[in-house]
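Accompanying notes for the structure given below.
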Amino acid sequence: MTFSLVNHGAAQAYVVALCQQFGLTLTERASGWHLTFADDALVLRHSDLPKQGDILVDFASGAASYRRLHGGGKNEAIAKACGLNKKRDLSVLDVTAGLGRDAFVLASLGAKVTLVERNPVVAALLHDGLRRALQHKELNWLNERMQLCYASATDALGAQAPVDVVYLDPMFPPRDKTALVKKEMRAFHDVVGSDTDADALLAPALQLAQKRVVVKRPGYADFLAQQAPTLSVTGKNNRFDVYVIAAI
Ligand SMILES: C[S@@+](CC[C@H](N)C(=O)[O-])C[C@H]1O[C@@H](n2cnc3c(N)ncnc32)[C@H](O)[C@@H]1O
């Protein structure tokens with residue numbers, strides 16, 4: 001069964017093209033988690049959880065802009081882990097793109113990022129977020145630096161030209177299962193599930209990356225594939241394990 005998309009907007013041709021590209025099913029109405037196109041944006045919505053709120057990719061949102069302008073720039077843990085504090089225009093293959101937040105931070109600092117996402121719902125949200133971002137003058141660099149690749153990480157790692165950095169942020173089960181998980185995390189766990197195959201990505205990532213592989217993990221988590229990194233950079237909420245291949 002494929003995922004439902006309900007069109008409440010006027011752009012029928014665009015919505016049909018989205019369904020074709022990402023294997024979605026255009027329906028009149030839907031229950032549970034579904035995609036809706038309304039007010040010129042594609043959103044993920046739950047029919048029975050009105051308080052949950054819509055989930056969408058919005059690179060021009062207040063939060064994204066604030067982080068871009070005041071988030072610490074090249075001194076952010078993720079930027080240091082990827083080496084952007086040493087060189088701005090690194091090529092990065094983000095093989096677990098999700099909603100593109102990390103990719104956006106890296107691209108806003110100068111990196112050229114290919115965003116690989118295998119889940120059709122998440123990939124469609126990203127595609128639509130990248131389309132809307134082009135309408136914002138302050139994001140006129142984005143088209144040059146962020147490119148979506150709807151594929152599995154394994155396929156992308158096998159097919160891409162070498163890159164400076166491979167970045168991985170697979171889903172990790174929340175430690176406190178009783179805590180009310182953030183709304184996006186909850187949606188992701190319902191719609192995407194967990195990434196149980198993540199360990200297998202480290203070896204091909206180490207083959208492709210020319211400079212380093214960076215793995216984002218919760219502070220309490222084991223190393224990916226039980227393989228100790230060269231170093232770790234500790235962020236506010238996460239740890240970035242860095243596997244250094246060559247100096248930047
Ligand atoms: C935790 S989220 C990434 C969040 C992202 N770093 C961000 O800033 O928004 C993990 C994402 O990686 C995707 N993913 C996991 N394993 C993958 C694989 N093998 N190939 C492609 N995408 C994958 C999942 O579908 C999910 O959307």
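Note that these values count all heavy atoms, side chains included, but never hydrogens, waters or copies made by symmetry. As the structure lists them, so they are numbered: ligands from 1, and atoms in each ligand from 1.
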[X] near ligand 1 by a heavy-atom separation under 4.0 Å:
X: Phe188; answer: yes
X: Ala97; answer: yes
X: Ala151; answer: yes

Discussion item. Run Phe3 and Leu44 through side-chain contact (heavy atoms from CB on, under 4.5 Å) and show every step you take.
Written reply: CA-CA 11 Å; Phe3 210 80; Leu44 177 63; 3.9 Å; yes
Residue part near ligand 1, for [X], under 4.0 Å between non-hydrogen atoms:
X: Asp195; answer: side chain
X: Thr154; answer: neither
X: Thr96; answer: both

Between atom [atom1] of [X] and atom [atom2] of [Y], what is the distance when rounded to the nearest 0.5 Å?
X: Leu35; Y: Leu56; atom1: CG; atom2: CG; result: 11.0 Å
X: Asp197; Y: Asp195; atom1: CG; atom2: CG; result: 6.5 Å
X: Leu201; Y: Leu206; atom1: CG; atom2: CG; result: 11.0 Å

Practice prompt. Answer yes or no: is there a donor N or O on one side and an acceptor on the other, between the side chain of Ser47 and the main chain of Ser31, under 3.5 Å?
Written response: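 No; zero donor-acceptor contacts below 3.5 Å.
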[X] N/O under 3.5 Å from ligand 1 N/O:
X: Asp197; value: no
X: Ala153; value: yes
X: Asp169; value: yes
X: Gly100; value: yes

Check: [Y] and [X] side chains under 4.5 Å, non-hydrogen atoms:
X: Ile245; Y: Val213; answer: yes
X: Leu208; Y: Leu93; answer: yes
X: Asp40; Y: Arg131; answer: yes
X: Val116; Y: Asp155; answer: no

Provide, to 0.1 Å, the distance between [atom] and the closest protein heavy atom, together with that atom's residue and name.
atom: atom 19 (N) of ligand 1; answer: Arg118 NH1, 3.3 Å
atom: atom 24 (C) of ligand 1; answer: Glu117 OE2, 3.5 Å
atom: atom 8 (O) of ligand 1; answer: Asp102 N, 2.8 Å

Show me which atoms of ligand 1 lie under 4.0 Å from any heavy atom of [X].
X: Val192; answer: 24 (C), 25 (O)
X: Asn119; answer: 25 (O)
X: Val95; answer: 20 (N), 21 (C), 22 (N), 23 (C)

Item to complete: Using the ring-ring contact (aromatic ring centres under 6.0 Å, His included) rule, collect all pairs that involve residues 109-139, keeping only residues at least two apart or in two chains.
Response: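 For residues 109-139, and leaving out neighbouring residues, the ring-ring contact (aromatic ring centres under 6.0 Å, His included) pairs sorted by first residue read Phe22-His127.
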